[in-house]
Amino acid sequence: SAVISQKPSRDICQRGTSLTIQCQVDSQVTMMFWYRQQPGQSLTLIATANQGSEATYESGFVIDKFPISRPNLTFSTLTVSNMSPEDSSIYLCSVQYRVGDTEAFFGQGTRLTVV
Amino acid sequence: AQSVTQLDSHVSVSEGTPVLLRCNYSSSYSPSLFWYVQHPNKGLQLLLKYTSAATLVKGINGFEAEFKKSETSFHLTKPSAHMSDAAEYFCVVYTNAGKSTFGDGTTLTVKP
């Protein structure tokens, strides 16, 4: 099965600061995604991390707030910028290994609390 | 576009009684469907998946789900609830572009 490592697993941050979350996969993957789960809510797709180019953001999410990098086929980062308490959420990385796969895999998530 | 509707936001059952969590989906083509469970302060755990093979899918911990194309449903069942089943359950439809669309979730409460 897939091995997806997210770091940090949790953090408590001051408002106005930024946090970068890392997602490392055990082998090359075609697609990488970032999701957000706000307290008591379901998961919402933030963006698709594109290797070597700008991420593709879903409606309601912008690059200035959630810059994403994907320098290679096994690694991606999500930064939560200028944080406010409303950014307190679980952030999850998801991958599709091969084109045409019928399943995605999820990391264990990063639990972020902004105070 | 794909969408998922979980028909119950909360379900409460007594221990030892059957569990039914309902999910309807919308998809422009034959979908892949999943049920995930999330225990408090834990990550997502895959319960079971349907990917165009057998319509009755068996998962972990005694859960199963039946894909019914005519009803566009993928309801999750378990014959006998256990206290440890209390958690949040998500029905998910997956696109061949790799994206997952989550339902709003169903909170399962199991009473002693």
Side-chain angles (χ1 to χ4, degrees), chain A residues 1-10 23 25 29-51 55-59 61 70 73 76 88-113, chain B residues 1-10 21 23 25 27 29-55 57 59-60 65 67 74 87-109:
Chain A
S1 62
V3 178
I4 305 171
S5 301
Q6 274 190 241
K7 292 181 181 179
S9 58
R10 60 177 64 231
C23 178
V25 193
V29 298
T30 56
M31 307 291 288
M32 297 184 77
F33 306 91
W34 287 98
Y35 290 79
R36 180 178 73 181
Q37 185 180 24
Q38 295 178 295
Q41 303 293 317
S42 186
L43 280 77
T44 301
L45 180 63
I46 297 172
T48 303
N50 299 309
Q51 194 253 332
T56 305
Y57 290 85
E58 299 296 308
S59 176
F61 297 96
R70 188 181 173 189
L73 294 176
S76 177
S88 298
S89 297
I90 301 172
Y91 293 87
L92 294 98
C93 173
S94 174
V95 306
Q96 179 195 38
Y97 274 78
R98 292 171 296 276
V99 174
D101 274 359
T102 54
E103 182 176 356
F105 296 88
F106 290 86
Q108 285 300 298
T110 296
R111 184 178 296 272
L112 170 62
T113 302
Chain B
Q2 279 65 234
S3 67
V4 174
T5 302
Q6 292 185 240
L7 300 172
D8 308 290
S9 58
H10 292 86
L21 306 183
C23 173
Y25 71 91
S27 177
Y29 51 86
S30 183
S32 294
L33 295 161
F34 303 80
W35 277 98
Y36 287 88
V37 61
Q38 187 178 41
H39 287 91
N41 299 313
K42 300 291 187 182
L44 289 173
Q45 181 181 19
L46 179 65
L47 275 179
L48 49 80
K49 60 183 177 181
Y50 167 78
T51 57
S52 77
T55 57
V57 181
I60 62 171
F67 174 73
F74 190 58
E88 189 78 12
Y89 292 79
F90 294 101
C91 182
V92 180
V93 62
Y94 175 81
T95 76
N96 59 9
K99 298 179 182 179
S100 299
T101 300
F102 283 72
D104 288 338
T106 299
T107 303
L108 176 64
T109 301

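Only a predicted model underlies this, so the values are computations on that prediction, with no experimental measurement involved. Hydrogens, waters and symmetry mates play no part in the numbers below; they use all other heavy atoms, side chains included. Quick note on labels: first sequence line is chain A, next is B, and so on, each numbered from 1.
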* Largest heavy-atom contact set with chain B, pairs under 4.5 Å, which of Glu103(A), Met32(A), Arg10(A) -> Glu103(A)
* Does the side chain of Asp104(B) pick up a donor-acceptor pair with the side chain of Ser9(B) at under 3.5 Å? -> no
* Contact origin within Leu43(A) toward chain B - heavy atom pairs under 4.5 Å -> both
* Asked: Is the gap between the ring centers of Phe102(B) and Phe106(A) under 6.0 Å?
  -> yes
* Heavy-atom distance under 4.5 Å to chain B: side chain of Thr44(A), backbone, both or neither? -> neither
* Nearest-0.5 Å distance that lies between atom CG in Leu48(B) and atom CG in Leu33(B) -> 10.0 Å
* To do: State whether a side-chain donor-acceptor pair under 3.5 Å links Tyr94(B) with Gln96(A).
  => yes
* Checking heavy atoms, do the side chain of Glu58(A), its backbone, both or neither come under 4.5 Å from chain B? -> side chain
* Structure fact -> Given Gly43(B), Ser100(B), Ser32(B), Gly103(B), the one with more heavy-atom pairs under 4.5 angstrom with chain A than any other is Ser100(B)
* Under 4.5 Å between any side-chain heavy atoms of Val29(A) and Phe105(A), yes or no? -> no
* Distance-only polar pair, side chains of Ser89(A) and Gln38(A), donor-acceptor under 3.5 Å -> no
* Answer with side chain, backbone, both or neither: which region of Lys49(B) has an atom nearer than 4.5 Å to a non-hydrogen atom of chain A? => side chain
* Asked: Relative to chain B, which segment of Gln41(A) carries a heavy atom at a distance below 4.5 Å: side chain, backbone, both, or neither?
  -> backbone
* Asked: Which region of Gln38(B), side chain (C-beta onward) or backbone (N, CA, C, O), has a non-hydrogen atom less than 4.5 Å from a non-hydrogen atom of chain A, or is it both or neither?
  -> side chain
